[in-house]
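Have a look at the structure below before the remarks.
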Amino acid sequence: MRQEPAPLTRFVRVRRERGHTVLELRGEIDIAAATEIIPVLDRLTGVPGVRLVIDLRGVTFFDCSGLRLLYRARGRVRDGGGQLYLVCTHPLTLRVFRVTGLSRLLPPHPTPEAALEQSGAASGTL
């Protein structure tokens with residue numbers, strides 16, 4: 001069952017879909033946005049066994065602050081025995097992921113549905 005997104009901040013929406021929490025980020029993800037996103041991200045990733053999808057399709061700008069958010073989320077989810085999936089289609093952001101190696105740690109999916117399908121096929125955690 002899909003639940004409509006609830007805006008938490010101007011940069012974040014959260015919804016539940018097929019047993020996963022979907023965190024939608026939007027706008028310019030820079031150091032100012034990160035200060036608003038971190039509390040939400042920490043709350044979601046602090047749940048043991050969380051199954052989280054981070055959706056970046058609404059992001060128009062993504063700098064090193066955004067990378068730090070993703071690495072932080074990955075570490076916290078991994079420490080809690082959960083699963084983390086990434087959705088991204090923006091060519092420049094995907095390039096940053098490839099250059100930094102993040103795409104090897106969190107392979108990006110084109111849609112939340114594709115990430116959820118991968119989750120259903122996955123047998124383990126990150």
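Put simply, CZ on R95 and OG1 on T100 are 11.5 Å apart, with the number rounded to the nearest 0.5 Å. Distance check: L70 CG to L84 CG gives 7.5 Å after rounding to the nearest 0.5 Å. Atom OG of S65 is separated from atom CD1 of I31 by 4.5 Å, given to the nearest 0.5 angstrom. Atom CG of L105 and atom CZ of R74 lie 4.5 Å apart (nearest 0.5 Å).
Residues passing the salt bridge (charged side-chain N to carboxylate O under 4.0 Å, His left out) test with R57 are D55, sequence neighbours excluded.
L67 places a side-chain heavy atom less than 4.5 Å from the side chain of F97. Contact annotation: the side chain of L23 approaches that of L25 to within less than 4.5 Å [non-hydrogen atoms, C-beta and beyond]. With contacts defined as side-chain heavy-atom distances shorter than 4.5 Å, the pair F61/D30 qualifies. V53 is not listed as a side-chain neighbour of E17, based on a closest heavy-atom distance of 4.5 Å or more. The closest side-chain heavy-atom distance from I29 to D63 is not below 4.5 Å. Looking at D42 and R76, their side chains come closer than 4.5 Å, going by heavy atoms from C-beta outward. Counting only heavy atoms from C-beta outward, the side chains of L69 and L41 approach each other to under 4.5 Å. The side-chain heavy atoms of V14 and V22, taken from C-beta on, include no pair separated by under 4.5 Å.
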Check the pair F62 / L56 against side chain to side chain contact (heavy atoms under 4.5 Å, CB included), numbers first and verdict last. CA-CA 9 Å; F62 196 86; L56 302 177; 4.1 Å; yes
Using the rule given for side chain to side chain contact (heavy atoms under 4.5 Å, CB included), can you reason through H20 versus L116, listing the C-alpha separation, both sets of side-chain angles and the distance that settles it, and then say yes or no? CA-CA 8 Å; H20 290 70; L116 293 173; 3.3 Å; yes
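For the pair I54 and A73, the tightest heavy-atom approach, listed with the atom from each and the gap, is CD1-CB, 4.0 Å. Summarising the geometry of E28 relative to F11, their closest heavy-atom pair is O-CE2, 3.6 Å, with the distance given to 0.1 Å. In plain terms, the two heavy atoms of G101 and Y71 that are nearest each other are C-OH, 4.3 Å. Closest approach of R18 and E117 over heavy atoms only: NH2-N, 3.9 Å. Among all heavy-atom pairs drawn from P110 and T89, the shortest one is O-CG2, 3.3 Å. Shortest non-hydrogen contact noted between L86 and L106 is CD2-O, 3.8 Å.
Using a distance-only test at 3.5 Å, with no hydrogens or angles considered, a donor-acceptor pair links the side chain of H90 to the main chain of L92. Listed for the R98 side chain is no donor-acceptor partner under 3.5 Å among the backbone atoms of S103.
The residues R26 and E24 are annotated as not salt-bridged, no charged nitrogen and carboxylate oxygen being separated by less than 4.0 angstrom.
Looking at R16 and T21, their side chains do bring a donor and an acceptor atom within 3.5 Å of each other.
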